[in-house]
Amino acid sequence: MKHSELPSADGVWRHVRIAPGALAGDQAIEGDAAIVVAQGKIAWIGAGNSVPADFAALPRFDGRDALVSPGLVDCHTHLVYGGQRANEFAMRLAGATYEEVAKAGGGIVSSVRATREADEDTLYAQAARRLEQLLAEGVCAIEIKSGYGLALEHERKQLRVARRLGEAYGVTVRTTFLGAHALPPEYADRSSDYIDRVCQEMLPALASDGLVDAVDVFCERIAFSLEETERVFHAAKKLGLPVKLHAEQLSDMGGAALAARYGALSCDHIEHLSADGIAAMREAGTTAVLLPGAYYTLRDTHLPPIDALRAAGVPMAVSTDHNPGTSPALSLLLMANMACTLFRLTVPEAIAGITRHAARALGLQDTHGAIGVGRPANFVLWQLRDIAELAYWFGQQPGRTIVRQGRIAVEEATVA
Ligand code: DI6
Ligand code: FE
């Protein structure tokens, strides 16, 4: 069903419990609570017995003591691409590393071939199925990167699909241009020429189409150098676009410190992040995005420096990194679980990682990732006793009612 045809969530949502950390600011409400939605926005939140009389005429929804969290935010995905790469999964099981697979002509470039071959509607249909999985868990905002086209028309196709998905599903989509994801085959041994093309042709054209909310680079031995990364950041800055970075995933390239100098929204992966990188991120207010799905798939053993990030007070987000190569994951809740089990995040950290800190990684901290008056109505009523259950169960969908962008997108028999 189209988002615009879903039932309105306008009304008084009674008999809910507000999960710790769910409210914007440092507010908390103990015990029975109510949320009022009017014209798709949160109009009031407070104790269940103090709903203002002005709202008496609105419809009522019975939350049946559900726990309410903000809508989830998946802040790093490569959701739009052609084909799949199960063959590489098999190669890695037989002993090949990610870098060896890439050097053998697989890896990102094989998804580039399939993405170039697919037309826009095919890409849309395939990405829509994936998006539906994420939305069914309560995702209300998502970042979608390009980076499997690596030529103007194909990058445009990916980003157009991302925008169309946002409109059709009533989910906030932030698009990120990742033209500097891998070197396309036609530029073999001409990395610098390709970066020129990214900076001078692709980025300005896509930005003027209104298709770019942020700019990302894969800064890595098997991708682009620090110097090339800086050229892309410089071009982004000239256009007034925020940057983020695939940084220090396989090695310490010094990418995080560079990104921080450009005021990056986030540095993502960061398994090999240095103390200098952490200090620079803290200074710049850059969010650390942890991607346990890629860590798990690559059977990485080099943990991101969680204790040092925590000690420095760098906000940590958690995301799926959904992509066909290193993280074919479509459950953000599973990522929260893995962030705890693999990375030793605390449960509150993991939950903040898929809500408020993820919103911050997208520059959406004033509208998403927390429930607050005046914000768009994005929240989830969970049939759970304890919010820790969000990170505890895995491989199952907890009972839930999802209010996304002012509409009831999934309903768990809560309407009185
Ligand atoms: N890091 C990742 O995790 C993805 N891209 C990147 O720069 C992997 C993309 C892929 O293998 O297709
Ligand atoms: Fe990624």
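Counting starts at 1 for both ligands and their atoms, following the listed order. Each residue takes its place number in the sequence, starting with 1.
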Item checked: Those atoms of ligand 1 less than 4.0 Å from some heavy atom in R85 -> 10 (C), 11 (O), 12 (O)
Check: Identify the closest protein heavy atom to atom 5 (N) of ligand 1: which residue and atom is it, and at what distance?
Finding: H181 NE2, 2.7 Å
Notebook entry, point to check: What is the nearest protein non-hydrogen atom to atom 8 (C) of ligand 1, stated with its residue, atom name and distance?
Noted result: Y98 OH, 3.3 Å
Next item on the list: Return a yes/no value for S111: is any of its N or O atoms, backbone included, closer than 3.5 angstrom to an N or O of ligand 1?
Entry: no
Notebook entry, point to check: Looking only at protein heavy atoms, which one is nearest to atom 3 (O) of ligand 1, and how far off is it?
Noted result: D321 OD2, 2.8 Å
Check: Got a second to check how far I306's CD1 is from L273's CG, nearest 0.5 Å?
Finding: 10.0 Å
Check: What residue and heavy atom of the protein are closest to atom 2 (C) of ligand 1, and at what distance?
Finding: H269 NE2, 3.6 Å
Next item on the list: For G325, counting its heavy atoms only, list the atoms of ligand 1 lying under 4.0 Å from any of them.
Entry: 11 (O), 12 (O)
Notebook entry, point to check: Is R197 positioned over the aromatic face of Y194, cation under 6.0 angstrom from the ring centre and no more than 45 degrees off axis?
Noted result: no
Item checked: Three-point angle H78:NE2, the Fe ion (ligand 2), H246:NE2, rounded to the nearest 10° -> 100°
Next item on the list: Please work out which of Y148, F224, F218 has its closest non-hydrogen atom nearest to atom 10 (C) of ligand 1.
Entry: Y148
Checklist line | Nearest heavy atoms of A259 and V243, plus distance in Å | finding: O-CG2, 4.5 Å
Check: Distance under 6.0 Å and angle within 45° of the ring axis: does R164 meet both against Y169?
Finding: no
Next item on the list: Could you confirm whether D321 has any N/O/S atom lying under 2.8 Å from the Fe ion (ligand 2)?
Entry: yes
Note to self: When you compare the side chains of T320 and D74, does any donor N or O come within less than 3.5 Å of an acceptor on the partner?
What the structure shows: yes
Next item on the list: Walk me through it: do Y98 and R299 pass the test side-chain hydrogen bond (donor to acceptor under 3.5 Å, both in side chains)?
Entry: CA-CA 10 Å; Y98 182 57; R299 300 183 71 228; over 6 Å; no
Next item on the list: Please state which part of H78 comes within less than 4.0 Å of ligand 1, counting heavy atoms only: side chain, backbone, both or neither.
Entry: side chain
Notebook entry, point to check: In a check of side chain to side chain donor-acceptor pair (under 3.5 Å) between D268 and each of H76, H246, Q249, which one passes?
Noted result: H76
Checklist line | Identity and distance of the protein heavy atom lying nearest atom 4 (C) of ligand 1 | finding: N323 ND2, 3.7 Å
Next item on the list: Taking all heavy atoms of E137 and all of I402, pick out the closest pair and write down the distance.
Entry: C-CD1, 4.1 Å
Check: If you look at every heavy atom in R231 and D196, which pair is closest and at what distance?
Finding: NH2-OD1, 2.7 Å
Next item on the list: Give the residue and atom name of whichever protein heavy atom lies nearest to atom 1 (N) of ligand 1, and the separation in Å to one decimal.
Entry: H246 CD2, 3.2 Å
